[in-house]
Amino acid sequence: AQSVSQHNHHVILSEAASLELGCNYSYGGTVNLFWYVQYPGQHLQLLLKYFSGDPLVKGIKGFEAEFIKSKFSFNLRKPSVQWSDTAEYFCALDSWGKLQFGSGTQVVVTP
Amino acid sequence: KAGVTQTPRYLIKTRGQQVTLSCSPISGHRSVSWYQQTPGQGLQFLFEYFSETQRNKGNFPGRFSGRQFSNSRSEMNVSTLELGDSALYLCASSLEAGGATDTQYFGPGTRLTVL
């Protein structure tokens with residue numbers, strides 16, 4: 001059965017620091033992977049997605065993620081965070097229209 | 001283009017009652033999926049509808065049901081509400097069902113509180 005694991009549940013960092021959130025998956029087929037973000041009081045928004053091709057995917061707001069097949073990983077990165085990046089981040093695996101989500105990582109960016 | 005809309009945004013019900021939630025997908029999107037979000041269980045898939053047919057179903061009891069109309073709008077129904085059904089119910093739409101390159105876009109959710 002497929003699964004998605006996010007190892008960091010809470011991350012606190014200062015503005016301008018670099019961010020990397022881990023995501024590992026377990027799935028035997030072709031993977032379609034997503035990172036969604038949920039800002040306080042707002043709905044889930046798509047940050048970026050990987051379907052195929054270049055394993056380094058760029059998304060909105062300066063985020064990027066790297067798909068490493070050999071490690072079953074899809075880690076999210078941002079070189080320099082801002083206070084406005086405070087949010088909950090979810091990694092998700094698509095299995096024929098059914099999204100399997102990780103448990104989420106709450107990120108708090110302090111000024 | 002308008003996003004996914006969900007009504008109502010907030011609901012308070014008592015145990016044993018039933019509830020119906022509504023979702024209007026993005027114009028042109030034909031697939032609608034429903035998810036339950038709770039602090040303890042996170043985001044869990046309920047079911048997916050495409051062309052008025054349920055295509056996928058998650059691991060929820062039969063009290064949870066849904067349907068899709070010819071205009072792609074969808075409703076989900078929860079009967080005999082339990083306290084544990086308190087959650088944020090999210091609707092997501094995508095162009096097609098189960099396509100390899102589909103992206104699901106989420107609505108704001110309906111916050112259901114069961115007393």
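Just the heavy atoms: all of them, side chains too, but no hydrogens, waters or symmetry mates, feed the values below. Keep in mind the model is a prediction, meaning the values are calculated, not measured. Per chain, numbering begins at 1; letters A, B, ... match sequence-line order.
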Participant: Heavy atoms, side chains only, cut-off 4.5 Å: are Q104(B) and Y36(A) in contact?
Facilitator: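 Yes, close enough: below the 4.5 Å cut-off.
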Participant: Linking I/L/V/M/F/W/Y whenever their side-chain heavy atoms sit closer than 4.5 Å, directly or via other members, would L47(A) and I68(A) fall into one cluster?
Facilitator: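 The answer is no; the residues belong to distinct hydrophobic clusters.
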Participant: Is Q41(B) close to chain A through its backbone or its side chain, or both, or neither, when contacts mean heavy atoms under 4.5 Å?
Facilitator: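 Q41(B) has no heavy atom closer than 4.5 Å to chain A.
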Participant: Which residue out of Q45(A), Q42(A), K98(A), Q100(A) racks up the most heavy-atom pairs below 4.5 Å with chain B?
Facilitator: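 The answer is K98(A).
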Participant: Does CG in D54(A) sit with more than 12 non-hydrogen atoms of other residues, nucleotides or ligands closer than 6.0 Å?
Facilitator: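 It does: D54(A) CG has more than 12 such atoms within range.
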Participant: Are L81(B) and Y10(B) connected into the same hydrophobic cluster when the rule is that any two of I, L, V, M, F, W, Y join if their side-chain heavy atoms are below 4.5 Å apart?
Facilitator: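 No, Y10(B) and L81(B) fall in different hydrophobic clusters.
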Participant: Do V81(A) and I12(A) belong to the same hydrophobic cluster, where Ile, Leu, Val, Met, Phe, Trp and Tyr are linked whenever their side-chain heavy atoms lie under 4.5 Å apart, directly or via other members?
Facilitator: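 Shared cluster, no.
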Participant: I12(B), L21(B): one ILVMFWY side-chain cluster at the under-4.5 Å cut-off?
Facilitator: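 No: no chain of side-chain contacts under 4.5 Å links I12(B) to L21(B).
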Participant: Can you confirm whether T103(B) sits close enough to N32(A) that some side-chain heavy atom of one is under 4.5 Å from a side-chain heavy atom of the other?
Facilitator: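 No, every pair of side-chain atoms sits at 4.5 Å or beyond.
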Participant: Measuring heavy-atom distances to chain B, does L46(A) have an atom under 4.5 Å in its side chain, in its backbone, in both, or in neither?
Facilitator: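 When you check distances to chain B, only side chain atoms of L46(A) fall under 4.5 Å.
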Participant: Between Y35(B) and chain A, which part of the residue has a heavy atom less than 4.5 Å away: side chain, backbone, both or neither?
Facilitator: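 Just the side chain, heavy atoms under 4.5 Å.
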Participant: To check you understand the geometry: which heavy-atom pair defines the closest contact between L44(A) and F106(B), and what is its length?
Facilitator: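 L44(A) and F106(B) have their closest heavy atoms at O-CB, 3.7 Å.
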Participant: With only heavy atoms counted, which part of Q38(A) is less than 4.5 Å from chain B, the side chain, the backbone, both or neither?
Facilitator: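 The side chain, not the backbone.
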Participant: Under 6.0 Å from the CZ atom of R15(B), do we count more than 12 heavy atoms belonging to anything else shown?
Facilitator: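 Result for CZ/R15(B): open.
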Participant: Under a single-linkage definition using a 4.5 Å side-chain heavy-atom cutoff for Ile, Leu, Val, Met, Phe, Trp and Tyr, are I60(A) and L21(A) assigned to the same hydrophobic cluster?
Facilitator: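 Result: yes, single cluster for both.
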Participant: What's the shortest heavy-atom distance between L99(A) and F45(B), and which atoms?
Facilitator: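 For L99(A) versus F45(B), the nearest heavy atoms are O-CB, 4.1 Å.
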